[in-house]
Every structure is written in C-alpha cells, then in structure tokens.
Visitor: 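Please find one structure pasted underneath; my questions will follow.
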Amino acid sequence: MSIQAIKGVKDILPGDIAAWQRIEETARRLFEDFGFSEIRVPIFEYTDLFARSIGASTDIVEKEMYTFDDRDGKKITLRPEGTAGVVRAFIEHKMYADMPLAKLYYMGPMFRHERPQKGRYRQFYQIGVEAIGVDHPHVDIEILSMLYTLFSRLKIEGLTLQINSLGDGACRGAYRDALKQYLKTKLPVLCGDCQRRYETNPLRVLDCKVDAGKFEDAPVMLDYLCEPCKKHFHTVEDGLKSLNIPFVINARLVRGLDYYTRTTFELVMEHTGAQNTVAAGGRYDGLVQEIGGPASPGIGFALGVERAISLMDTRTIPVPRPALFVCALGPEAGAIVLPVIYQLRSSGIMVETDYTDASLKSKMKKADKSGAGYTLIIGEQEMEKGKAVLRNMQTKEQKELPLAHIELALQDLLSARNQKE
RNA sequence: GUGGGCGUAGCUCAGCUGGUAGAGCACAAGGUUGUGGCCCUUGUGGUCGCGGGUUCAAGCCCCGUCGCUCACCCCA
C-alpha cells in the first residue's frame with residue numbers, strides 16, 4: 001500500500017486554498033489597523049517552556065504533546081499553542097525595553113496528539129494575537145473588539161462572545177476554597193472525571209458537560225473577585241457596551257490552560273458539532289514572570305482556522321481566472337504559441353493553455369471550465385490563413401488576429417480589458 | 001484512552017435471500033452546432049481497504065487488521 005498522510009493531519013488542496021488566503025489576509029489587514037505587528041516564532045521549543053507556561057498537570061502537557069529527544073539529548077516539543085513561544089521571544093529579545101506595550105500577531109500550525117474529530121486535528125492552524133506590557137482594561141477591550149471585528153469582516157454570523165473573570169492571585173484562592181467546600185457535598189453524584197478534577201483542578205468541574213446543570217447554586221468566581229479585579233471586569237463590560245459589541249457573561253467559563261487570570265473569553269458557535277469554540281483567550285498577568293521575564297501583564301487570543309473556515313460561505317470567495325486560454329492544435333501551432341504565452345505571462349496577464357493532443361472540442365471545454373475571459377484558437381485553417389481566432393467567452397464575439405504581430409494585439413486587448421474591471 | 005458508523009471507478013454512491021461488478025458526474029472519441037456549453041452515440045477506467053476462514057461459489061457471512069469518520073474526553 002502506498003504511503004498516506006499521518007493520522008489527524010490534512011492536506012489543504014488548491015480547491016480549498018481561497019478560504020485560507022481570505023482569512024489570513026483579512027486578519028493581517030485588521031490586526032495592522034489595530035497596530036499589531038506580525039511575529040514568526042519557531043514551531044518547536046524546549047519542552048520545559050510549555051510545561052511551565054501551560055501547566056504541568058494540564059491534559060495538553062500530560063498526554064497531548066509531540067515531544068522527542070533532540071540529537072544532543074535535549075527534550076524538544078512541537079508547539080501545542082502559540083502564546084508560550086511568543087512570550088519566550090518577548091523576554092529573550094527584551095521587547096519590554098523599547099515599547100511599553102508589545103502588540104504581536106502570528107499564524108501557523110500547532111500540534112496536539114489527540115483523537116481526530118470534526119474541527120480537531122493533530123496539526124491544526126491558529127491565528128493569534130498577544131498584547132504584553134500593560135494591564136489597563138482598555139487593552140482587554142481593544143483585543144475583544146478586534147476579535148469581534150475580525151468575524152464581522154469575514155461575514156461569519158451566529159457567534160456568541162462569552163466573557164468571565166478568573167480573578168488573580170489575591171482572590172482566586174478564596175474562591176477555590178469556597179468551591180471545594182461546595183463540591184464536597186456533591187461529590188457522590190459527580191461523574192468519575194469530576195471526582196478526579198475535584199482534587200486536581202476544581203474550577204474545571206463547572207465546565208463539565210456530563211454534570212452540566214447540577215451546579216445552579218454553586219458559588220461563582222465573580223462573587224469572590226477582589227476590588228481591583230472587580231473594577232477591571234466592570235470596566236471591560238462597560239467598554240464593550242460603549243462599542244456596541246454584544247456579549248454575555250458566562251460565570252461558568254473556565255479555561256484549560258493554567259496561565260489565565262482575570263478576563264477570559266470564548267467565541268462560541270451555535271448549531272455546530274462538539275468542537276464549538278472557534279476562538280478563545282484571556283489575560284495572563286503572571287505568565288511572563290513565570291517563564292523568567294520581568295513582571296509584565298499580557299492578554300491574547302487564538303482562533304482555530306479550520307473551525308472559522310467551516311463557518312465561512314466559501315462559495316462567494318472569488319478564485320483567480322485566466323484572462324486568456326490558448327487552444328493550439330498541432331505541433332506547428334504549439335510552437336508559435338509558446339513565446340506568446342510566455343510574453344503575456346511575463347507582463348502580468350494570467351494565461352492558461354492545454355498541452356495535450358485533445359480535440360478542439362475538448363480544449364474548448366477546458367477553456368470554459370477555467371473561466372477564461374478570452375480563448376485564442378490556432379488550428380490548421382488558421383495557420384493557412386495566417387490568422388488566429390480570438391473569442392470573447394461571454395459575448396461569443398470572434399475576431400481574427402494576424403499571426404505576424406499577435407503578441408502586441410493580444411497585449412493591447414487584454415490589458416485594456418483588465419483596466420476596465 | 002473509550003464508544004458508534006463507514007471502506008465498491010478520479011468524485012458521489014447503488015449492488016436483493018451469497019452466483020466472479022453497476023449508475024450519475026468527470027475524462028476521451030464521434031455526431032449535432034455559428035469551432036466550446038445543451039443534447040445523442042460510443043469508449044477508457046475497479047486486487048470491491050488488506051489478510052485469513054466458511055462455501056462448489058464471497059462485494060455480501062465469520063474472525064482479525066489497517067484506514068476514514070462522528071461522539072466522549074480535552075481544546076482553538
């Protein structure tokens with residue numbers, strides 16, 4: 001049997017690429033409008049970076065990373081998410097030194113060894129942004145409004161922005177204790193996973209789908225926020241309202257990575273399969289210090305490109321069409337046409353042709369399929385007359401062009417047409 | 001890691017209670033045509049995922065295996 005692609009990875013074929021380019025270009029333009037610059041960081045890092053940032057006891061680190069020994073014995077991991085690498089670069093290049101707020105975006109593949117499923121692959125693509133250096137709530141609003149605008153520019157509807165606050169070091173401990181106290185009484189009726197989470201990560205119990213609905217009366221983090229956190233959260237709320245960005249508060253919203261603090265959010269799609277979070281993120285005020293940098297607050301989000309594309313109406317994305325399709329019949333015609341095609345292409349005109357010995361009927365079919373604006377036909381009759389036939393594929397008008405200076409005639413015609421459009 | 005569904009032509013799929021394979025689209029040739037589209041005729045193309053077993057006979061039944069897919073878990 002022939003060799004196949006690795007389980008859980010996907011080829012993005014030419015027929016699908018338009019949607020990818022659309023989403024990448026839209027994001028680039030928008031992020032730059034908001035003053036963000038692109039950063040490209042490696043797709044692998046020392047394993048320790050991810051263990052320290054994401055959290056050693058999270059599922060991602062415990063059982064989903066692609067980790068291997070480098071030839072010198074050091075542990076290397078293919079990045080399972082983007083924030084860790086960007087923060088590492090932020091520290092390594094001392095980006096805090098020359099700008100108070102580093103505003104960065106990135107796009108590229110991430111790797112997690114999970115069981116593949118709709119909207120979940122082992123190599124998947126994320127577009128993410130990070131704003132590091134300032135903890136003002138207006139930074140949160142900038143990030144959230146940018147996320148919101150990205151999806152409206154992509155004309156993706158039916159999404160809900162959910163926000164929550166996880167508090168900070170000053171108040172989360174008290175909440176955790178209160179929650180454990182509460183869960184203790186419920187322990188016997190919880191699913192096996194939640195009984196385990198009670199010890200490892202009690203906040204996640206609230207996010208459980210099996211036990212959903214059992215915690216109506218559970219204490220929520222929002223009630224335990226310390227004054228600074230409360231003020232921060234309310235400012236974010238008010239800011240979103242003043243920008244007319246719709247959102248809902250989801251007090252049960254918990255994130256799977258340990259580094260999040262204060263503002264967290266998810267963009268959730270309705271009426272989709274199980275993987276219904278298309279973008280998510282939050283504040284991570286302790287992360288930079290955790291990795292060994294100076295205390296610098298940060299906030300960011302990442303969106304799943306495959307998931308976003310699944311929501312786009314890809315039929316409306318225009319695909320490039322040749323201005324001219326050349327049908328040459330026989331070797332003599334082929335020889336004449338070769339330099340013509342080259343010259344047109346060199347001067348920036350998209351030209352396609354067919355090199356097979358197929359009949360004119362068949363070649364015309366290909367021309368039609370390509371969506372070309374014009375078709376140039378050179379067969380035996382045309383050779384004898386010293387003229388080629390140029391057909392407008394829409395109006396079906398035909399005209400004869402002298403073979404002697406055909407390149408000039410075509411160039412004039414086609415570039416005039418391009419300008420009109 | 002756990003569970004369900006599915007693997008037949010390049011694509012989408014039929015295939016009865018077991019009798020050594022079909023359609024549509026696509027592709028190619030021809031006819032018609034105002035040199036292409038619509039229509040008509042013909043043609044190319046399949047180790048029925050792979051390996052065992054039962055049987056006179058397996059695409060179909062049984063066992064194993066690989067792959068895809070959906071869901072749980074987790075996450076973007």
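Convention: sequence-line order gives letters A, B, ...; per-chain numbering from 1.
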Visitor: From NZ of A:K118 over to P of B:rC73, roughly how many Å is that when rounded to an integer?
Guide: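 Result: 18 Å.
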Visitor: Under a 4.0 Å threshold between the charged nitrogen and the carboxylate oxygen, would A:R40 count as salt-bridged to A:E38?
Guide: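 Judged by the 4.0 Å cut-off on N to carboxylate O distance, A:E38 and A:R40 do form a salt bridge.
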Visitor: Checking all strands, does A:G119 fall into the base, sugar-phosphate, or nothing category for heavy-atom contacts under 4.0 angstrom?
Guide: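 If one applies the 4.0 Å heavy-atom cut-off, A:G119 turns out to touch a base.
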Visitor: Has the side chain of A:R115 got a donor or acceptor atom sitting under 3.5 Å from an opposite partner on the base of B:rU2?
Guide: yes
Visitor: Donor-acceptor pair under 3.5 Å: do we get one between A:R120's side chain and the base of B:rC73?
Guide: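 Counting by modelled atom types and ignoring angles, a donor-acceptor contact under 3.5 Å is found here.
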Visitor: Heavy atoms only, 4.0 Å cut-off, all strands: where does A:K7 land among base, sugar-phosphate and nothing?
Guide: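 Sugar-phosphate only.
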Visitor: Describe the nucleic acid contact of A:K365 in one word from base, sugar-phosphate, nothing, applying a heavy-atom distance below 4.0 Å.
Guide: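 Contact class for A:K365: sugar-phosphate only.
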Visitor: With ring centroids as reference points, do A:Y374 and A:F325 lie under 6.0 angstrom apart?
Guide: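 No.
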Visitor: Which part of the nucleic acid does A:A302 contact within heavy-atom distance under 4.0 Å: base, sugar-phosphate only, or nothing?
Guide: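 Sugar-phosphate contact only - A:A302 comes under 4.0 Å of backbone atoms but never of a base.
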Visitor: Taking atom CE of A:M312 and atom CD1 of A:I23, what is their separation to the nearest 0.5 Å?
Guide: 5.5 Å
Visitor: Checking A:R283 side chain against A:R262 main chain: does a donor-acceptor pair fall under 3.5 Å?
Guide: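 No, the answer is negative, given that no donor and acceptor are paired below the 3.5 Å cut-off.
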Visitor: Classify the side chain of A:K369 versus the base of B:rG36 as yes if they form a donor-acceptor pair under 3.5 Å and no if they do not.
Guide: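 No, the side chain and the base share no sub-3.5 Å donor-acceptor pair.
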Visitor: Less than 3.5 Å between a donor and an acceptor, one on the side chain of A:K361 and one on the base of B:rG30, is that the case here?
Guide: yes
Visitor: Which base sits across from B:rC50 as a Watson-Crick or G-U pair, both distances under 3.5 Å?
Guide: B:rG64
Visitor: Base, sugar-phosphate or nothing for A:A308? Non-hydrogen atoms, less than 4.0 Å.
Guide: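 Nothing: the residue A:A308, judged by heavy atoms under 4.0 Å, touches no strand.
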Visitor: Over all strands shown, is A:E64 touching base, sugar-phosphate only, or nothing at heavy-atom distances under 4.0 angstrom?
Guide: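 Answer is sugar-phosphate: A:E64 comes under 4.0 Å of backbone atoms only.
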Visitor: Report which part of the nucleic acid A:K63 touches: base, sugar-phosphate, or nothing (heavy-atom distance under 4.0 Å, all strands).
Guide: nothing
Visitor: Could you check whether the side chain of A:Q117 and the base of B:rC73 have a donor-acceptor pair of N or O atoms closer than 3.5 Å, going by distance alone?
Guide: yes
Visitor: Whom does B:rU12 pair with, Watson-Crick or G-U wobble, provided both distances fall under 3.5 Å?
Guide: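 Here B:rU12 is engaged in a pair, and the nucleotide opposite it is B:rA23.
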Visitor: Just checking, is any N or O donor in the side chain of A:E266 or A:T277 under 3.5 Å from an acceptor N or O on the other one?
Guide: yes
Visitor: Output the single nucleotide from B:rG67, B:rA76, B:rG36 whose closest atom is nearest the side chain of A:Q4.
Guide: B:rG67
Visitor: Would you classify A:T375 as touching base, sugar-phosphate or nothing, given that sugar-phosphate means primed atoms plus P, OP1 and OP2, and contacts are heavy atoms under 4.0 Å?
Guide: nothing
Visitor: Need one value for A:V305: base, sugar-phosphate or nothing, where a base atom within 4.0 Å counts as base even if backbone is also close, heavy atoms only.
Guide: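 Nothing: the residue A:V305, judged by heavy atoms under 4.0 Å, touches no strand.
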